[in-house]
Protein chains: 2
Amino acid sequence: MDSVLYLKKQKMKVTKGRIAIIEVLMHCKKAITVEYIYESCQQNGKSADLSTVYRTLDTLESKDLVNKFDLGDGKYNYLLKDKIHKHIIECSCCHKKQEIDCPMVQIEELIKNKMGYSTIQHELKIKGICEECKKSKK
Amino acid sequence: MDSVLYLKKQKMKVTKGRIAIIEVLMHCKKAITVEYIYESCQQNGKSADLSTVYRTLDTLESKDLVNKFDLGDGKYNYLLKDKIHKHIIECSCCHKKQEIDCPMVQIEELIKNKMGYSTIQHELKIKGICEECKKSKK
DNA sequence: CTGGGTGCAAATTCTTTGCAAAACC
DNA sequence: GGTTTTGCAAAGAATTTGCACCCAG
């Protein structure tokens, strides 16, 4: 899907800056910084102000389209959610199952950076007690 | 173990501020912010400057005694490592096994905050290709 | 045309740093 | 007594905000 379509689907106004930003995000497999997005836009000849990058990312986050996390260096990295697989969290009480974005994305990035591992794979099961069950037990 | 002993073991000079900071960390089960540590120290009548808190946490981090991560709100949370269990990461190539601090601590905190789950448990297997194997394959 | 989006500059927030004074061993 | 560590204030880095102007719908 191209960036214009992407924006339209989200009912966001299609502007030069947003197109440029989405394009950078789409072409990147891993989480990237605001700075990186900003500079990439410039290199593509499609400038967008830094604050526009921040604001666009905020909008995308509020629409749950982007994953935002910190890799321990004091700045955020962003990744389009459609590049992330899901996991299931199961309530140990009512056995309801819910999807969550794979939380290992940022962990894997950290392991890569700190320990030098590559091509990381994982297997993860998560259980917990969901909000409703917790309330009803009180 | 008490805070003075803790500091001595790490060959850190024992000062009022550090004692206060370590004590707060020791008494806390979950990851806490710098601000929280700072204020707790004051409430305990043992003031330590904000910069001292930062510096002490830096020292602890450099000695690998503390886990530092961001929960998506733009500030760091800290947790003593001895409260964290370990996982094993296995190299899928040479089958070497290495310990890593449970990466789920921060993820669980996030799931608690965002989804309302509590008493979260997990089961996690991680594999990857370690640095040496990656190099030797090139 | 009109409201949302942008650029610019200034403000905020969290964290780091320089330096003289104080505390530790 | 000689380092380390501290407190204070000032600097830095990342992000947010206010506002006038602009552009997509």
Side-chain angles (χ1 to χ4, degrees), chain A residues 2-25 31-42 44-63 65-78 106, chain B residues 2-24 31-42 44-63 65-78:
Chain A
D2 90 331
S3 49
V4 175
L5 234 97
Y6 188 94
L7 286 166
K8 283 191 178 163
K9 258 196 189 161
Q10 311 307 331
K11 306 201 172 157
M12 290 170 70
K13 272 195 180 169
V14 179
T15 67
K16 251 188 255 175
R18 285 178 173 179
I19 292 176
I21 293 163
I22 302 283
E23 257 162 21
V24 174
L25 281 168
I32 51 181
T33 63
V34 173
E35 196 64 25
Y36 179 87
I37 297 173
Y38 175 68
E39 282 166 7
S40 300
C41 288
Q42 294 199 309
N44 300 345
K46 302 173 182 177
S47 80
D49 191 76
L50 243 191
S51 66
T52 300
V53 179
Y54 277 109
R55 283 189 277 226
T56 301
L57 290 168
D58 279 357
T59 308
L60 291 173
E61 203 202 351
S62 72
K63 288 175 181 289
L65 296 171
V66 96
N67 237 288
K68 168 187 182 183
F69 47 79
D70 167 293
L71 262 24
D73 53 358
K75 45 189 132 178
Y76 286 119
N77 291 66
Y78 292 84
Q106 67 179 291
Chain B
D2 90 331
S3 49
V4 176
L5 232 97
Y6 188 94
L7 285 166
K8 283 191 178 164
K9 257 195 189 162
Q10 311 308 331
K11 306 200 172 158
M12 290 170 70
K13 273 196 178 167
V14 179
T15 67
K16 251 189 255 174
R18 285 177 174 177
I19 293 176
I21 294 163
I22 301 283
E23 257 161 21
V24 174
I32 51 181
T33 63
V34 173
E35 197 64 25
Y36 179 87
I37 296 173
Y38 174 67
E39 282 167 6
S40 300
C41 288
Q42 295 199 309
N44 300 345
K46 303 173 181 178
S47 81
D49 191 76
L50 243 191
S51 65
T52 300
V53 179
Y54 277 109
R55 283 190 278 225
T56 301
L57 290 168
D58 279 357
T59 308
L60 291 172
E61 204 202 352
S62 73
K63 288 176 182 289
L65 296 170
V66 95
N67 236 289
K68 169 188 182 182
F69 47 79
D70 167 293
L71 261 24
D73 53 359
K75 45 189 128 178
Y76 286 118
N77 291 64
Y78 292 84

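For the pair A/Lys11 NZ and D/dG25 P, the interatomic distance rounds to 14 Å; values are reported in whole Å. Atoms CD (A/Glu35) and P (D/dT16) sit 14 Å apart, rounded to a whole Å. For the pair A/Lys16 NZ and D/dG25 P, the interatomic distance rounds to 14 Å; values are reported in whole Å.
Contact check, B/Thr52 against D/dG7: a side-chain N or O comes under 4.0 Å of OP1 or OP2. Taking 4.0 angstrom as the limit, A/Thr56 places none of its side-chain polar atoms (N or O) nearer than this to OP1 or OP2 of C/dG5.
In terms of position along DNA chain C, the nucleotide closest to B/Val34 lies nearer the 5' end than the nucleotide closest to the other residue of the pair B/Val34 and B/Lys8. In terms of position along DNA chain D, the nucleotide closest to B/Arg18 lies nearer the 5' end than the nucleotide closest to the other residue of the pair B/Ser51 and B/Arg18.
A/Phe69 and A/Ala31 make their closest contact through CZ-CB, 3.6 Å (heavy atoms, listed as atom of the first residue, atom of the second, distance).
Counting distance only, with no hydrogens placed and no angle test, the side-chain atoms of A/Arg55 and the base atoms of C/dG4 include no donor-acceptor pair under 3.5 Å.
Of the candidate nucleotides C/dG7, D/dT16, C/dC25, D/dT16 has the atom lying nearest to any side-chain atom of A/Tyr54. When the nucleotides C/dC8, D/dG7, D/dT15 are ranked by their closest atom to the side chain of A/Asp49, C/dC8 comes out on top.
Inspection of the A/Arg55 and A/Ser51 side chains reveals an N or O donor paired with an N or O acceptor under 3.5 Å.
A/Lys13 comes within contact range of at least one nucleobase, with a heavy-atom separation under 4.0 Å.
Within a 6.0 Å radius of NZ in A/Lys63, more than 12 heavy atoms belonging to other residues, nucleotides or ligands are found.
To the nearest 0.5 Å, the span separating CG on B/Leu57 from OG1 on B/Thr33 amounts to 10.0 Å.
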